[in-house]
Amino acid sequence: MTEQATFAPRSITENKTQRFAPLLDAGSHIAIVGAGAFGGWTALWLLRSGFKVTLIDAWGAGNSRSSSGDETRVTRSTYGANETYFDLNVRALELWKSHQKSWGKSLFFNAGVLWFCYEDKPEMIEATLPFMQKHGLSYQYFSTKEAANKFPNVNVSDLNHLVFDPHGGYLKAREGCGAVMEAFVSEGGSYVNASAKPSAIRNGRMNNLSLSNGETFEADTFVFACGSWLGQMFPEILGEIITCTKQEAYYLGVPASHASMFDSMPVWIDLDGKDFYYGIPNNAHRGFKIGVDQRGEIFDPTNSNRIMNEQVYKKALAFMAHRFPALQNAPLIENRVCHYENSPDGNFILDTHPEADNCWFLGGGSGHGYKHAPALGELAAKVIIGSQALVPLFQMR
Ligand SMILES: Cc1cc2nc3c(=O)[nH]c(=O)nc-3n(C[C@H](O)[C@H](O)[C@H](O)COP(=O)(O)OP(=O)(O)OC[C@H]3O[C@@H](n4cnc5c(N)ncnc54)[C@H](O)[C@@H]3O)c2cc1C
């Protein structure tokens, strides 16, 4: 979950021209490396477009090393002045709802999102209002007095007001990846559990992958949706574009006396402009989740030990004791060290290798990608098969 990115027009993509990928021939075989939220949903949409699709993952869909492998992720309608992400989220929510219904699973929990606002008119919220109106959506504003009555477990003493977004909530993340994989395979896709290494580019094309099972895997088009691993995989092109930072989330045990009150609380985001703490009180009964959105140290997604930073934890606990006094002595039930796959400006990346137009990069989720995955996958599939132009905000050149 990130609020830090400015989502400004991409500095690395100045002077972009509108580009279409060459139309893919019917029956082409597309290999997607990475079965996280981005790769999984893109594979499903490519399959539904009539192509032969193979999804490859080193450790499995929603595995514990992946960014998509946490229990839950926030979904919110608020994206400041950025209409691309606003619209993407509207479409994504439609798709989460329709797919969970047809799959008979509960993946989206419409708990709403409560914003803790320190300023009179925070840009993040106010700039979204025209898009909300366009889609017939609205927020509810609470003075601190009203909020104190409605949410008695929140200390509002240092806030200016609170804003409730009734359309958001949270998503089951690892379960969502598993559900996408299940659908992909049952609709006719192939899955290979192996680590993949790209081959050298020859004559403007990538021809195959070397797999950890010893096989050479051939396809017509390759999509690398490897999250935080993209920088290591293509060091010359993405080494400085995708950076991987250590991120922490803690799951606190609420007192039994307050369990039902916290369970019925919305997701919350503390818009202080510094740590950007956020939380999911209900969190599918896994403990009151608190996340730290501030970027941590550089992290190796394969080999780093996932041990919390005590200083970051202590600071988060102090914040929680202040904001939710009933949690002053709450024990730590679980914690999780994950990683952001940061692009330089927080925008996603969907573009081709500069030397091979049959090799795609899809990533840069930058701490806010999960919620968008169904809609991003739908869009990525259209761009990759050449039926829709590349999206300037996601282009690298
Ligand atoms: C702590 C935290 C909190 C977040 N909160 C939110 C939130 O509240 N809301 C939100 O929308 N987003 C949130 N995000 C961001 C979101 O989780 C990510 O943007 C999204 O999950 C990225 O998905 P992905 O598919 O690009 O990457 P991943 O999920 O990391 O998937 C990449 C896959 O590639 C595979 N792989 C890597 N290398 C290879 C290889 N060589 N061969 C084969 N397979 C390979 C991996 O095994 C992995 O499965 C958060 C992220 C973190 C870390």
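One-based numbering, in listed order, for ligands and for the atoms of each. Just so it is clear, the structure is predicted and the values come from calculations on it, not from any experiment.
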Q.
I'd like to know if R19 pairs up with D351 as an ion pair, taking the criterion as any Lys NZ or Arg NE/NH1/NH2 lying under 4.0 Å from an Asp or Glu carboxylate oxygen.
A. yes

Q: Report yes or no: does Y170 have a heavy atom closer than 4.0 Å to ligand 1?
A: no

(Q) If you take the centroid of each ring, where Trp contributes its six-membered ring, are Y313 and Y250 closer together than 6.0 Å? (A) yes

Q | Result of checking W96, F38, Y170 against Y370 for ring-ring contact (aromatic ring centres under 6.0 Å, His included) | A | W96

Q) Can you list the ligand 1 atoms lying under 4.0 Å from a non-hydrogen atom of V74? A) 7 (C), 8 (O), 9 (N), 10 (C), 11 (O)

Q. A225: heavy atom below 4.0 Å from ligand 1, yes or no?
A. yes

Q. Of all the atoms in ligand 1, which lie at a distance below 4.0 Å from a heavy atom belonging to K371?
A. 9 (N), 10 (C), 11 (O)

Q) Which option out of Q247, R65, R73 puts a heavy atom nearest to atom 2 (C) of ligand 1? A) R73

Q: Output, in order, the C-alpha distance, side-chain angles, deciding distance and verdict of side-chain hydrogen bond (donor to acceptor under 3.5 Å, both in side chains) for N358 and T221.
A: CA-CA 5 Å; N358 72 333; T221 295; 5.6 Å; no

Q.
If the threshold is 4.0 Å, N to carboxylate O, is there a salt bridge linking E248 and R306?
A. no

Q) Considering only heavy atoms of M233, which atoms of ligand 1 have at least one such atom less than 4.0 Å away? A) 40 (C), 41 (N)

Q. If you count the atoms of ligand 1 from 1 in the order shown, which ones are under 4.0 Å from a heavy atom of G34?
A. 33 (C), 34 (O), 35 (C)

Q. Does S212 come within less than 4.0 angstrom of ligand 1, counting non-hydrogen atoms of the residue?
A. no

Q: Answer yes or no for G291: is there a heavy-atom contact with ligand 1 below 4.0 Å?
A: no

Q.
For ligand 1, which is the ligand I care about here, please tell me if H368 has any N or O atom under 3.5 Å from one of the ligand's N or O atoms.
A. yes

Q) Roughly how far, to the nearest 0.5 Å, is CD of Q140 from CD of E146? A) 10.0 Å

Q: Heavy-atom contacts with C338 under 4.0 Å: which atoms of ligand 1 show up? List them by number with element.
A: 1 (C), 53 (C)

Q: Pull out every atom of ligand 1 sitting under 4.0 Å from any heavy atom of G365, numbered as shown with elements.
A: 19 (O)

Q: Look at D165 together with R76 and state whether they make a salt bridge at an N to O cut-off of under 4.0 Å.
A: no

Q.
Using a 4.0 Å heavy-atom cut-off, which part of E248 comes near ligand 1: side chain, backbone, both, or neither?
A. neither

Q. When only distance counts, is A196 in polar contact with ligand 1, meaning an N/O pair under 3.5 Å?
A. yes

Q) Below 4.0 angstrom, N of the basic side chain to O of the carboxylate: do K105 and E175 qualify? A) no

(Q) Does any N or O of ligand 1 fall below 3.5 Å from an N or O anywhere on L362, backbone included? (A) no

(Q) Checking contacts here: is it the side chain or the backbone of A373 that comes within 4.0 Å of ligand 1, counting heavy atoms only? Could be both or neither. (A) neither

Q: Before accepting this row, confirm whether a basic side-chain N of the pair E71/R174 lies closer than 4.0 Å to the acidic partner's carboxylate O.
A: yes

Q) F222 vs F224 aromatic rings, parallel, tilted or perpendicular, using cut-offs 30° and 60°? A) parallel

Q: Please confirm whether S228 comes under 4.0 Å of ligand 1, counting heavy atoms of the residue only.
A: no

(Q) Polar contacts were defined as any N/O atom of the residue lying under 3.5 Å from an N/O atom of the ligand; does this apply to S68 and ligand 1? (A) yes

Q. F38 to ligand 1: N or O pair under 3.5 Å?
A. yes

Q | Sub-4.0 Å atoms of ligand 1 with respect to non-hydrogen atoms of H339 | A | 53 (C)

Q: Consider ligand 1: state whether an atom of it lies below 4.0 angstrom from any non-hydrogen atom of G367.
A: yes

